[in-house]
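Lettering of chains follows the sequences in order, A, B, ..., and the numbering in each one begins at 1.
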2 protein chains.
Amino acid sequence: MSSIAPGPAGADHDHQHCIEQAVALAGEICQRRGVRLTPLRRRVLQLVWKSHGPVGAYAILDWLRTEDGRSAAPPTVYRALEFLIEQRLIHRIESMNAFVGCVDPSRPHAAQYLICRKCGIVTELEDQSITDAIAQQASQRGFVVHDQTVEVHGICGRCAASAAASRSATPAHPA
Amino acid sequence: MSSIAPGPAGADHDHQHCIEQAVALAGEICQRRGVRLTPLRRRVLQLVWKSHGPVGAYAILDWLRTEDGRSAAPPTVYRALEFLIEQRLIHRIESMNAFVGCVDPSRPHAAQYLICRKCGIVTELEDQSITDAIAQQASQRGFVVHDQTVEVHGICGRCAASAAASRSATPAHPA
DNA sequence: GAACCTATGTTATGATATATCGCTCGCGAT
DNA sequence: ATCGCGAGCGATATATCATAACATAGGTTC
Ligand SMILES: [Zn+2]
Ligand SMILES: [Zn+2]
Ligand SMILES: [Zn+2]
Ligand SMILES: [Zn+2]
């Protein structure tokens, strides 16, 4: 009834704990900010956190209908997502038209995302050297930055390691 | 019958020249690579270059129909775009679901884009310091980079300058 | 000239996102 | 208490972006 998250969620930790922690923290933050984390918004946040990978709006819509039996239409979901994004409780992954929970919603940040093509896990960075490099190039050209989108696609450390392991398990000249 | 491009294209240069140059260069590159820049693909490239801003697939579709009178459906356009992307003659702007001509298609490159919210112009950078900062953070985490998406939204130098000019033209305490 | 490959046409559908209207509920002002 | 008001959400319709699947046309190989 809890614990281990499936496949792309990260296969080996108490993911239920990730979800609970994210939702609890969101509650505090919203209270502090004087904005309303309504039951629907809370539930959508929970669903975004169903995995550590990007989750599509229509997947959330399906879950609202099938798991909750709730009547729901696209605007239901998109309005909740819009709120969560404004509050920086989730991020939108532009290159996938999907959404992912923010790992550090307390303070504003320019984040970067490492997105694994194998397992789907998104690692959120807040690396100043990347932010600075971008800011520097922009300002050199008189460009005023409002908003950075940095999405890196590739293979995560874990998947790379397991691929290497299975390769070395095979005979030296397999084909 | 030529020259000055409208609005978001860049209001003050011989944009027809930009287009012709891009298409001619594309022709050479494709020949060198032994791939076929067919009339349709050439025309779609031309249409992507209609401005220096991102152009949507369906805008291209409309132009094919209304300007060329050609029978065209979405796959017509998307297939041509796919070819042009593979050949790196254009880039996809993920955060806008749109496409922009590549300013330096000869060699492969990891590019970054400065996208102006006012005038729509996209400035393509190929900055090693950004690429390196990303590569370094990734490899530190064992992440193998396949592909970087860096899209910076904000106000370009020209628009910022003209906004500042019109502000300073107004009385000191306007409201 | 038959087999084959590439590019394109054609039809249908899938996937993502927004516009608009109207209802309800909580809450402060009168 | 009741009125007005705004936030949240339900519901319907539609807009926007993208691909699947199959048909056709033309050129190349043998
Ligand atoms: Zn987890
Ligand atoms: Zn992975
Ligand atoms: Zn130009
Ligand atoms: Zn501008």
Starting from [atom2] on [N], measure out to [atom1] on [X] and report it in whole angstrom.
X     : N      : atom1 : atom2 : result
A:L40 : D:dA7  : CG    : P     : 17 Å
A:R70 : D:dG8  : CZ    : C1'   : 11 Å
A:L61 : D:dG10 : CG    : P     : 11 Å
A:F83 : D:dG6  : CZ    : P     : 20 Å
A:L81 : D:dG8  : CG    : C1'   : 15 Å
B:E86 : C:dT6  : CD    : P     : 12 Å
A:E94 : C:dA17 : CD    : P     : 9 Å
A:I93 : C:dT16 : CD1   : P     : 15 Å

*Judged by atom type as modelled, is there a donor-acceptor pair below 3.5 Å linking the side chain of B:D127 to the main-chain atoms of B:S129?*
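Yes, the answer is positive, given that a donor and an acceptor are paired below the 3.5 Å cut-off.
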Contact under 4.0 Å: [X] side-chain N or O vs [N] OP1/OP2:
X     : N      : result
B:R36 : C:dT6  : no
A:T76 : D:dG10 : yes
A:T38 : D:dC9  : yes
B:R41 : C:dT8  : yes

*Would you call A:L114 and A:V122 a side-chain contact if the rule is heavy atoms closer than 4.5 Å?*
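Counting from C-beta outward, A:L114 and A:V122 never come under 4.5 Å.
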*Compare all side-chain heavy atoms of B:C102 with those of B:E124 and state whether any distance is below 4.5 angstrom.*
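A side-chain contact under 4.5 Å exists here.
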*Aromatic centroids of A:H91 and A:F99 separated by under 6.0 Å*: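 No, the ring centres sit 6.0 Å or more apart.
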*Should the pair A:H52 and A:H13 be assigned to parallel (<30°), tilted (30 to 60°) or perpendicular (>60°) ring geometry?*
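Aromatic pair A:H52/A:H13 classed tilted.
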*Evaluate the ring planes of B:Y78 and B:Y58, with Trp represented by its six-membered ring, and classify them as parallel (under 30°), tilted (30 to 60°) or perpendicular (over 60°).*
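Correct class here is perpendicular.
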*Reading nucleotides 14-21 of chain D from the 5' end, what letters show protein touch, with B for base, S for backbone sugar-phosphate only, - for no heavy atom under 4.0 Å?*
---BBBBB
*Cut-off 3.5 Å, side chains only: do B:Q137 and B:R141 have a donor facing an acceptor?*
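Note: B:Q137 and B:R141 side chains meet the donor-acceptor criterion.
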